[in-house]
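The chains referred to below are lettered A, B, ... by the order of the sequence lines, with proteins before strands, and numbering in each begins at 1. No hydrogens, no waters, no symmetry mates; every other heavy atom, side chains included, goes into these values.
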Number of protein chains: 2
Amino acid sequence: MSDMTSTADAPRSPGRPRSIRADEAIIEATLDLLAEGSTIEALSIEAIAARAGVGKATIYRRWAGKDALLLDALRRLKGVLPQPEGHSVRDDLVLLVGAIGQNVDPRAAKIMPCLVPEVNRSPDHFRLYQNIIAPRRQLMREVLRRGISEGFIRPDIDLEVTMALLTGPMLIQRVLQWNPELDERTLPGQVVDAVLAGIQAH
Amino acid sequence: MSDMTSTADAPRSPGRPRSIRADEAIIEATLDLLAEGSTIEALSIEAIAARAGVGKATIYRRWAGKDALLLDALRRLKGVLPQPEGHSVRDDLVLLVGAIGQNVDPRAAKIMPCLVPEVNRSPDHFRLYQNIIAPRRQLMREVLRRGISEGFIRPDIDLEVTMALLTGPMLIQRVLQWNPELDERTLPGQVVDAVLAGIQAH
DNA sequence: CACATACGATACGGATCCGTTCCGTATCGT
DNA sequence: ACGATACGGAACGGATCCGTATCGTATGTG
């Protein structure tokens, strides 16, 4: 973003440069500690430094405080978007629903529940959360629109409500273990099929 | 539970009895602080005591620590079950969905998101959470069964999946503000109608 | 080489909270 | 009245963490 190496703008580096290894070690330590069950505010700079094998000063040289570090660490966790195949609308929906709360980084699943209170408290976290899920919502919206244009889905449905319908059950099960009798693995298919079919007789 | 006054078991009270006002002031202070945005572990016994106008010793005389106090306070918050009217299955479902995350005590809505991490971390909190929602799930299950017996709902649906379908969207919207474009007030009706109707063409 | 900066480590003063203990006072039963 | 217990308040030692400063050392540029 900010450091475009435009023109002959010399990077201007008197003295020893920052260690990239330290950078990554700090971020990794933060995510590790969160994934191991530490709450956001139980997470201390001292613990992160110790875990990363780094002096506290090395952290404060890079970030203003715990919040800034945390936001950076979470951004690093964003992951890649799922890729709908584009053949079957139903299968694409199952794929997207199954990807809810999943990530290339397995720590994400453990960390997500810890962030729920923060999303409610901090506008920064709320924005970050919305930035992460907005493209995934858009992906699902496009699949639904495709289904409509193919005549597979009724054109009069409310897209936003439908997305909530597809997303909600999976999310509460992954984040809250809402109903111990449900199986996370089969749930995406069940949800999609139920939403498509409806439950009313005739 | 434990203090059944069976037999002529005199309550045996030498000395000044515990103050019921202190009891309630402590619980109220705990819930107030949580509702005002304090996280579970940012919540300190000292803050609770100060807020309640009570000495710390008065708290430690009653509870072993923060966890025990917290579980007691949350139990107090349980609230009353919604009452389906029993006429229209559709309207009863709308009522139950609308009651998700609602409570006679308005503080409950603010407190709920704070508990998500705890439910994942502590088996006690998980059990408490399940104990609170189990009767509400049962209520919804009975309404769905009634709809099936009335021929209004298809008999081949998966009840647990259907309940997740009805509950999930409302819960993520109340707890996470999942989609700012959705309106919490109209959502229950929209969700119920969408689940009943399905979105597939023909 | 000299200089500038970053490094890990350690120590610091200040703050907060823990759980306990002790006040002087208040409120019970006998 | 008397003993027993609870009360609010204050103080305690210990623990943890904050954010800063200061070591001696390492690693870059000119």
Rounded to the nearest Å, what distance is computed from the CD1 atom of residue I59(B) to the P atom of nucleotide dA6(D)?
15 Å
Taking any heavy-atom pair under 4.0 Å as a contact, classify R21(B): base, sugar-phosphate, or nothing.
nothing
Rounding to a whole Å, what distance do you find between I45(B):CD1 and dA15(D):P?
20 Å
Please identify which of these residues, V195(B), V161(B), L196(B), meets the side-chain contact (heavy atoms from CB on, under 4.5 Å) condition with L166(B).
V195(B)
Figure out the CH2/P separation between W63(A) and dC18(D), and round it to whole Å.
15 Å
From CD1 of I48(A) over to C1' of dT16(D), roughly how many Å is that when rounded to an integer?
15 Å
Paired nucleotide for dT16(D) [Watson-Crick or G-U wobble; both distances under 3.5 Å]
dA15(C)
Are any of the side-chain nitrogens in R62(B) or D72(B) under 4.0 Å away from the carboxylate oxygens of its partner?
no
Whether the side chain of K56(B) and the base of dG9(D) hold a donor-acceptor pair under 3.5 Å is what I'd like checked.
no
Let me know the distance between CD of E46(A) and C1' of dA11(C), rounded to the nearest Å.
11 Å
Please compare A47(B) and P17(B) by the position of their nearest nucleotide in DNA chain C and report the one closer to 5'.
A47(B)
Determine whether a donor-acceptor pair (one donor, one acceptor, N or O, separation below 3.5 Å) exists between the side chain of R16(A) and the base of dA4(C).
no
Can you tell me the Watson-Crick or wobble partner of dT30(C), both distances under 3.5 angstrom?
dA1(D)
What nucleic acid atoms does G65(B) come within less than 4.0 Å of, heavy atoms only: base, sugar-phosphate, or nothing?
nothing
In whole angstroms, how far is the C1' atom of dA9(C) from the OH atom of Y60(A)?
16 Å
Quick check on dG8(C): is either OP1 or OP2 less than 4.0 Å from any side-chain nitrogen or oxygen of T58(A)?
yes
Toward the 5' end of DNA chain D, by each residue's nearest nucleotide, R61(B) or G15(B):
G15(B)
Mind running side-chain contact (heavy atoms from CB on, under 4.5 Å) on R141(B) and R145(B) for me, showing each step along the way?
CA-CA 6 Å; R141(B) 200 178 284 118; R145(B) 286 220 185 90; 3.7 Å; yes
Is the shortest side-chain heavy-atom distance between L70(B) and L43(B) below 4.5 Å?
yes
Report the distance from atom CD1 of I20(A) to atom P of dA26(D), rounded to the nearest whole Å.
21 Å
The side chain of P14(B) lies closest to which of these nucleotides: dA9(C), dA4(D), dA6(C)?
dA4(D)
Quick check on DNA chain C: between A22(A) and K66(B), whose nearest nucleotide comes earlier from the 5' end?
A22(A)
Before you tell me yes or no, could you show the steps for I153(B) and Q200(A) under side-chain contact (heavy atoms from CB on, under 4.5 Å), namely the whole-Å CA-CA distance, both residues' side-chain angles and the distance that decides it to 0.1 Å?
CA-CA 5 Å; I153(B) 292 178; Q200(A) 200 158 18; over 6 Å; no
Could you state the atom-to-atom distance from CG of L69(A) to P of dG19(D) in whole Å?
11 Å
